[in-house]
Structure formats: structure tokens, C-alpha cells
Amino acid sequence: MDWKETLNLPRTTFPMKGKLPLREPEFLRFWEKIDLYHRLQEGDGQVFILHDGPPYANGHIHMGTALNKVLKDIILKSRRMAGFKAPFVPGWDCHGLPIELNVEKELGVKRGELPKVEIRKHCRTYAQRFVEVQREEFRRLGVLGDWERPYLTMSPGYEATIAREFVRFLASGQVYRRKKPVLWCSHCVTALAEAEVEYENHRSPSIYVKFPLAEDAREALPELPPGPAFVVIWTTTPWTLPANLAVALNPEYPYVAVRWGEEVLILAEGRLSALCAETGAELPEILFRFEASRLEGKHARHPFYDRLSLFILADYVTLEAGTGCVHIAPGHGEEDYESGLRYGLEVYSPVEDTGRFEASLPLFGGQGIWEANSQIIALLKEKGLLLHQEEIEHSYPHCWRCKKPVIFRATEQWFISMEAQDLRKKALEAIERVRWIPRWGKDRIKGMVEKRPDWCLSRQRAWGVPIVVFSCAACGEILRDEKYYQPVLERFAQEGTDLWFQLEAAELLPPGTRCPSCGGQEFRKEEDILDVWFDSGVSFAAVLEKRPELGFPADLYLEGSDQHRGWFQSSLLCAVGTRGEPPYRAVLTHGFVVDGHGRKMSKSLGNVVHPQDIIQKYGAEILRLWVASEDYREDIRLSEEILKRLVEAYRKIRNTSRYLLGVLSDFDPAHHQVPWEELPEFERYLFHRLAQLIKRVRKAYEQFEFHLVVQALHQFCILDLSALAIDINRDRLYCEHPEDPRRRATQTYLYQALETLVRLMAPILSFTAEDVYQHYPFVREAESVHLLSFPSPDWPEAEPGWVEKWEKRLALRAEITKALEQARKETKLVGSSLDAEVLLRLPPEYEGLVEDPALWEYLAIVSSFKVLDPLPAPEEGEVLWEAEEFPGVQILVRRAPGQKCARCWQWKPEVGSGSRFKELCDRCHSVVERLQAEGRLSLS
RNA sequence: GGGCCCGUAGCUCAGGUGGUUAGAGCGUACCCCUGAUAAGGGUAAGGUCCCAGGUUCGAGUCCUGGCGGGCCCA
């Protein structure tokens, strides 16, 4: 007789192997078919708005973008299950240089060869292509959202909003125009971005130039002896000397005055020996040392113009080259410019766009700058101000198109002022009203806003939203009032911003416009475009304020920590500058994906992992589990080992779910659930732990601590279910009559455990939760697991002390398992715990810990359990164990008496004496008879 | 070079306001089971809490300085 047929073994069609890469697309189709996203937007419930930061529509998604979107998805799904209505409108950043450059490369054209409108058309197609690529990749990750109606910064409506928000800034008086040095190719006659220059070796003159000290500087250094005194500067770009306005010293270094023949020279002490080595001079006599600050605000005289050059302090002056005294031309260098602003110097750049000095420049007017180098050197020599001259080869930026050296040249740029309307102050105040997670995010963005310069908005490019400014052709007056721009903005909303480039100013302005200043009737339109950070910075206006399901401000922005400088800040400035309020209530940041050693992923290190590979090899579910299981506030590690561990954890969760489905195959919750009052104590204890789990997990979701969720669910499967509930109850589940109340009690718990597990995992393991849910052997309350709510425990709280009693019992159970393990090791008499009988000696102080031996047979999964005092002396093959945690408690393990029941495998003395089935124990005997009587079983 | 941040067992994580032998799960080793079976159970071994100073009766926890790593600037 094969008694196995008479058991209630688990039955389910839920597959053990997930075959995730293959099956995930089926679930995606299912969700689409039932229109899951929109179903989730029905009904009411407090709205939770997570505003999506737009990734750049260029290339495929990478681990960072995948991580970001999955985090958002987990948050939104968990908020929905907690009762919120949580829409998700994904977006893309579509304008900008990288796309424009890629398009030029694809077309094989150089900048300016095609009309702007033409190149913009190609850029739009290119961006659209990658929006679609990325959309499919994000969807494949199981990210739920309004993918049919995302926001694109290049859509006409969005472009119109960008332009409108710019006009608001313009009208409010926060926008101004000023010269600023930019990288410039005088051959191509164009500004270049950092991405458009290549660094190549280049031979340059290297000259040391003496600037005579002016009277105020001499007075500041009374130690100076009579006679000529000079400060020595070093430069490799003599052509910038005509634009010299200052000499910078480092306030940290000591400076010296030295005797140099008949003259006195001033330089940093740390460069003196180097200077002597280069010029071949003897180390000179140091007359005195002084601090750089003594010269601040004093002057040197320009070497060949009759004007002064201001002494300033700057910490970027180094001792690696030169003299520690740096020639400053604010129109020709980034740092020079910054210093110039600080000291109120003019941004002076007498160089025309073709690389010639302006005709009006004395001495060198009209000359090409490179040709002028030698003439400038000659002039210095003639004036006796050239201390030394040689040539050096160094790395220098070149135009990547024409390969010619580029220069820094000041051109007119547009700025948003941080001060004009107290934008900086207002932004800093707004930062205080936002919740930053983690907390240090606040310090980070605060530091950046405190120090940042005015926002340079203009780019000399084609693929972007035009800077909509008209200015009077006659007097140069800028039209600031919004009324001049209303007609254009309205047309933008319909047609996009191409028409700015197609039409003349007169066609774009309201008819009859006159300059408010001079009455002129001719106007220029600005040709530059806006920085793309402005595009995404106004997304609150283009998306939050426009979409009916959204609203301003958002509850949450969630991006990588690099966005403290990027989107968090541009959004903050745009919103504060136009609305006076931050666009978000809270900002959550995540770290960056790094490899198993904590190093950043880069092509050169060869440690880059692509999401597509993970999806193909393991499935999106494993990627989601990875996102959830790491503490994303720090760097997020990713390696083969980590993935292997995750796959194992995944299998445990999957398999446990599978077992629950199987063991509940004959369970109908509507009819079979055992009421709380009738539940055995052990099930009540399990329910208590289940309640703890629900509380812990829901709290972790609420606080965005998903790694705690994963940890809790994983351990729940291993400890509560596999090792405790299932292991201990296996006999009842399999061997008792299907309707046995204790069996139904266990099923009642396992049923609630399944409902809990499947709901709590759904935001993270979205595919698997659905898979499990669709395999329920009983009626489902909703069409998809994602339409359910989180569970809340509705059973009574445990009485004080009761839980502790059960924890003590489990600790004693652990001692018994140790004793059993010892018996397995030392004798071969015990294999399965059911082979064993356990005898326990319990000193009086443990009164009450063990009351019912039958309960302990059950808990310890042994065939026989007795409490005896004293214990018999252990015989051959028996083991006596002194409990470690319970002093005085002794456990004797020996072979269980009687014979093994062929059905339940327990050893019982009555086996062999039954009336009909000799090989069964009493319990199995009656179960089988009942089954037979009920016609559930026919025995041959 | 500057600003912000991180560094606990092979892996992923716990360790309120400083206080007994630093925890969990996984993995590993060994054992058991074969009625969750390319499953399941058990036992055990793993840590100079990055390093060095300091404060303290006492520091993984506070301070200073290093080292390593990340983001953003220069």
C-alpha cells in the first residue's frame, strides 16, 4: 500500500523556476490589457505627487537611470497600496548640445552648414527615436506610468512654457546681459562648448614680464630701497597682455623682494629658485619678505599702456609654475573673469570674432592675435620689461572641427541675477522649508546656492529654446514687458519654437511696436538659445501646473546626488524666481552605482554593467530586487556575486510562495478560516509575529527604506515560514484529515501569511507577486495584485508576557534541536527528528515552561516527548545534553520506542496492533477510516 | 586643491541620546531528510567595527589627523 496517496500533499501549477526573462513580458502585456495604470488612478484618495526628473534622450538607459526609475516605481506602488492616489508622468530632456553634436556627426555636417531649422528638425527626430527606445526599456523594468503621454521638453507646449517662464524672469528684472569669456574658435568664428574642444600639445612662447610698481604699491612696501621695482608675471599668451587689468597673488604664500642687478623684483618666495634656474641667474639677495595682502588694492603699471593694473588676491594662484604673480585679463580666462567680477573689473576683450585685435586698440589694432605675440614680445624687450623668454610645449585646447587652437574671448551672454530680486536669499530660505533626505542634502545644496555665480543662460547653438528677447535696433533697449511677447508665446504653444528662427523680429512682434525708450520701430531678435538646465528647471510649470492629475508643488523629487547642482537647483531657482516657492516638499537623493569594489563604473576600468544584460540573464525582477536590497543613500554596489546572492534570495521567496499556494490548494478562505478564539496558541503566536512583520515593513516603505523590506520579507520566508510554521506543522498539514480543525487553523495562518507576503512584496517583486496572485487556488478580490492594499493586522494584540513565554519555548526548542544534532553526530540511531524520543529533566524553577508533552512532540517534531526527573543514565547510542541557555535542564535523546507508522513516519508503540491497517498508528488509522467512510478514498 | 558624503563578518544589512562576551539572513563547512526535491531542516566556523591618535571610568558610536572610495566643483 502506498500511503502517500492518502496524504494532503501540496498541489499547485505555480512553477518553481521563474523563467523571468521569458515570462516578464507576459505580465507587462497583461497589465497593459487591463489598463492597470489608469485603473490605479481611479477613485479618490490623497494624492501623492512624485515628479519625474527627465533623463536625457540620448542613448540607451544605464544602471543609474534604471535604478532611479525603479526606485520611483517602488515608492509609487507602495504609496498606492497604502491608500494614496499616485500618478506618474515620466518625461525626457530633449534639447541640448550632445544631441546636436551627434546629429551633426550622423549627417556629416559642421556647425552652421545647415540652416538652424534644418538641424533642429533632425535633432527632433533623433531625440524622439531615443525617447521611444528608453520608454520601452523603462517599461520592461515593470515601471508603471503614463507612458503614452509622457512630457517632452521639445513638445510645442513645453517649449512655449520654457519661453514663457523666461519672459517672466525677463519682465521681473532678473535677467541681464553681460560679457563673459567663452571658448572661441576664431577660425570657425563660433563659440565652443567644453565638449567641443580637444586638448593637444601646442608650442607657446613662455615669457616673464616685469610690471613696474605704481606709487601706491611702493608706499605699501616702505622697505623697498629707492630705484626701479617690478612685479614679475609669467604668461604663455602674450596676446592677452593688452587686456591685462590685474595681477593676482595668493594670500597664503610668502612673497619676497629681491635685488636683481640694479632693480628690485617681487615674486613668490616659493618660485624664486625656479626662476633663477630658468634664467640662469644666481640666487639673489632677499631684501625682505611680506604678505600678499599688503599689496591688495594697490597697483602696478601696465607694461606698455598708460594705465594701472590692480593687485588682487586669489587662491587659485599656485606655485607649480610661473612666479606666484598671475597676469589677469578678465576678458580672456575663466578664473580671471571670476576674479574680475569680485574686484569690479571690466570684462575687457579687445579681440574681434575673427581673432583680430579691434582696430581702435593702440599699438596692435587690426593685427591677428597669434601674429601679434612676437610683436608684443619685441615691444616688451624694447622697453626692457622682458625678464626672460623661451618656448614651451604644453597641452592646449583646440577646436575639434578645424583643429586650430582656441581662445577665451568675452562675448555678450544672458544671465539670471542671483541678487537683483534677492533670488539667492529667497532660494536659501526656501531650502529651509524643504525636507531633504538624507538630511545632509540640505547642507550640500545650501553650500552650492550660497556660492554659485549668476546663472549664465545663453548658449550659441541651434537645438534648444530661443532666448526670446527683442531689442531696439536703434538704441539697443531691451523690450522687457510681457506684452511684447504674448503673440509669440501663443504661437509657440501651437507651432513650437522653430518659427523664432524662421521669421523676422517684425513678424513676431505685435504690430506697431515702438521702442519705449527712443520710439524706434526696428528691432533685433536674440539668436542664442537657453541652457537646457532652464528647460528642465521649469518642468514644474510645464508639467505639474499643466496636468490636471498633478499639482504644484510636488511631494517629492527623487534623483541622484549630482542633481543638487543640476535639476534640484535649477528647479528651485526657477520656481523661487517666478513663484516664490520651492517646487517640491521633499527631495530624496540616491548615490551612484559602483562595482563590487566600490569603484565607479567606467569604460576604461571595464567594469560597466548594463541593465539590458541583467534583464536578459536574470530578469528585470532581479534588477528590481537589487535596487530594493541596497541602501541607495550611499554608493550602490553591483557585482556578479551580489547578483548571485540576490538570485538565491529570490528563489527562496518564490519557493516559499509556491509552497503556500500548494498547501492551500484545498483551502477556501471564505469557509475554512478558523476564528481567532479557536486558534491554537502556536498559530496565535505566529499571527503575532505576522503583525510585527506588517508593521515593520509598512514603516520601512513609508520611510523609503526598501532594503529593510527585502531583509524582513526574506527572513520571514526563512524563519517564520520555512523553519517554523511549515516545518512544525508539516505533519498536521499532510497527515490529518483535510477538515481537521488544527489543520485548518494552520492553513488559516498560512493563508494570511500568503496574503501578506504577496502584498508586501508587490511594490518590489512586481512580476512575481502578480504571478503568485494569479495562481491563487481561491477567489481573488481584484484582477491584479497591484490593485490591492497593504494588509493591516486585524487580530487581537497579545497579552503582556505571553509573547515572552513563547520566545522562551522556542529557545528551549533550539536546545532540543542542538541535542538532536548531537545525537545525529555521535550515533547513527537518529536521522530524522521523528526517529527520536526526547526526555527532559526540568528543575522546579522552570515550572510552567513545559506543560503539555503532546505540544512538545509537535514543536520539536519528535515521535515521543517526556518530562522525567531524574533522567535515566544514557545507554549505548543515547545522548545527554546540558542545555546552554537553561542551566540545570538536561535533554536525553534516544531512539523512539515502537515502530514507524508507514503513513506519518512517526514511531508509535501501537503500530502493528491496529484492527485493519497493521502498519499505521492510531491517528492515521482513524484518518484513513474516515476518509474511506466519506468516500474520499478507495483502497484496493 | 575645495565642498558634501561613505568605509561593521566573503555578500547584503541591523547596531536611539557612548555602557555587559558586536547582531541577522545569505554564502561557506559539516550533518540530516527525500511526501516543497535543480527543493527542505539542523549545527558550526567567520569581525584588529578602514588606520592612528585623543576625550572618557568606558567608543563601532564623540573629536582630530591619515588611508581608501563616491558625487560636485576647481
Side-chain angles (χ1 to χ4, degrees), chain A residues 2-12 14 16-17 252 315-316 318 320 334-335 338 438-448 450-452 560-566 569 589-601 625-626 628-631 633-637 639-649 651-652 654-663 705 707-708 710-719 721-724 726-728 730-731 733-735 814 816-826 828 830-836 861 903-905:
Chain A
D2 185 5
W3 297 105
K4 188 173 170 181
E5 302 302 315
T6 72
L7 298 174
N8 321 301
L9 293 179
R11 277 188 12 232
T12 177
F14 183 82
M16 189 178 243
K17 294 186 80 174
E252 303 293 320
D315 51 16
Y316 54 78
T318 72
E320 277 154 35
E334 189 75 45
E335 289 174 328
E338 298 290 339
R439 246 189 292 274
W440 51 257
K442 179 164 129 183
D443 293 332
R444 189 150 196 230
I445 194 164
K446 230 162 89 179
M448 288 173 174
E450 274 165 1
K451 281 201 223 123
R452 69 158 296 152
S561 59
D562 56 334
Q563 299 303 329
H564 285 114
R565 173 159 298 274
Q569 196 178 141
T589 49
H590 61 252
F592 276 66
V593 181
V594 295
D595 70 11
H597 305 287
R599 242 150 310 161
K600 70 166 147 197
M601 291 192 170
L625 187 58
W626 165 74
S629 67
E630 301 239 355
D631 185 347
R633 291 165 294 201
E634 300 166 18
D635 297 334
I636 306 129
R637 293 188 181 218
S639 67
E640 261 313 308
E641 179 177 7
I642 291 170
L643 287 171
K644 234 173 84 188
R645 294 291 99 85
L646 287 169
V647 168
E648 280 156 1
R651 274 209 297 259
K652 183 70 201 183
R654 182 178 183 88
N655 236 325
T656 306
S657 308
R658 175 173 182 267
Y659 184 86
L660 294 178
L661 289 172
V663 87
E705 295 184 305
H707 60 288
L708 301 183
V710 173
Q711 213 115 40
L713 292 181
H714 186 217
Q715 295 195 20
F716 173 68
C717 287
I718 287 163
L719 299 177
L721 294 176
S722 272
L724 273 183
I726 294 172
D727 209 30
I728 288 175
R730 194 173 264 111
D731 178 85
L733 291 166
Y734 294 175
C735 305
I816 296 172
T817 12
K818 279 182 203 176
L820 286 166
E821 184 65 19
Q822 194 67 17
R824 249 178 231 123
K825 280 232 166 79
E826 289 188 9
K828 286 288 153 199
V830 178
S832 160
S833 59
L834 283 178
D835 298 343
I861 323 179
R903 185 167 176 274
C904 72
W905 298 346

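Predicted model only: the values in this text are computed from it and were never measured. Per chain, numbering begins at 1; letters A, B, ... match sequence-line order.
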Identify each atom pair where a protein N or O and an N or O of nucleotides 63-66 of chain B are less than 3.5 Å apart, giving names and distance.
none

Pairs under 3.5 Å (N/O, protein and nucleotides 11-15 of chain B):
residue: C11(B); atom: O4'; partner: E641(A); partner atom: OE2; Å: 3.2
residue: U12(B); atom: O2'; partner: S629(A); partner atom: O; Å: 3.0
residue: U12(B); atom: O2; partner: Q711(A); partner atom: NE2; Å: 3.0
residue: C13(B); atom: OP1; partner: E630(A); partner atom: OE1; Å: 3.4
residue: C13(B); atom: OP1; partner: D631(A); partner atom: N; Å: 2.4
residue: C13(B); atom: O3'; partner: H707(A); partner atom: NE2; Å: 3.1
residue: C13(B); atom: O2'; partner: Q711(A); partner atom: OE1; Å: 2.4
residue: A14(B); atom: OP1; partner: H707(A); partner atom: NE2; Å: 2.6

May I have the list of side-chain donor-acceptor pairs in residues 590-598 of chain A shorter than 3.5 Å, sequence neighbours left out?
residue: H590(A); atom: NE2; partner: G560(A); partner atom: N; Å: 3.4
residue: D595(A); atom: OD1; partner: H597(A); partner atom: N; Å: 2.8
residue: D595(A); atom: OD1; partner: G598(A); partner atom: N; Å: 3.1
residue: D595(A); atom: OD1; partner: R599(A); partner atom: N; Å: 2.9
residue: D595(A); atom: OD2; partner: N607(A); partner atom: ND2; Å: 2.8

- line: Sorted by chain and number, sequence neighbours left out, side-chain contact (heavy atoms from CB on, under 4.5 Å) with E5(A) holds for D2(A)

message: V663(A): which residues meet the side-chain contact (heavy atoms from CB on, under 4.5 Å) condition with it, sequence neighbours left out?
response: Y659(A), L733(A), L750(A)

task: Please identify each residue that fulfils salt bridge (Lys or Arg N to Asp or Glu O under 4.0 Å) with R730(A), with sequence neighbours left out.
output: D727(A)

statement: Given protein heavy atoms under 4.0 Å, the one-letter contact record of nucleotides 39-49 of chain B, with B base, S sugar-phosphate only and - none, is simply SSSBSS-----

- request: Using salt bridge (Lys or Arg N to Asp or Glu O under 4.0 Å) as the criterion, list what pairs up with R654(A), not counting sequence neighbours.
  value: D771(A)

message: So, using salt bridge (Lys or Arg N to Asp or Glu O under 4.0 Å) as the criterion, who are the partners of K446(A) when residues are at least two apart?
response: E432(A)

Under the side-chain contact (heavy atoms from CB on, under 4.5 Å) test, residues paired with Q563(A) that sit two or more places apart: W533(A), E559(A), W567(A), F568(A)

query: Considering residues at least two apart in sequence or located in another chain, which fulfil the side-chain contact (heavy atoms from CB on, under 4.5 Å) criterion with R824(A)?
result: E821(A), S833(A)

- request: Could you tell me whether G46(B) is syn or anti, where syn means a glycosidic angle within 90 degrees of zero?
  value: syn

- prompt: Of all residues at least two apart in sequence or in a different chain, which pass the salt bridge (Lys or Arg N to Asp or Glu O under 4.0 Å) check with E648(A)?
  reply: R645(A)

- prompt: Hey, does the side chain of Y659(A) come within less than 4.0 Å of U37(B)'s phosphate (OP1/OP2), counting only N and O?
  reply: no

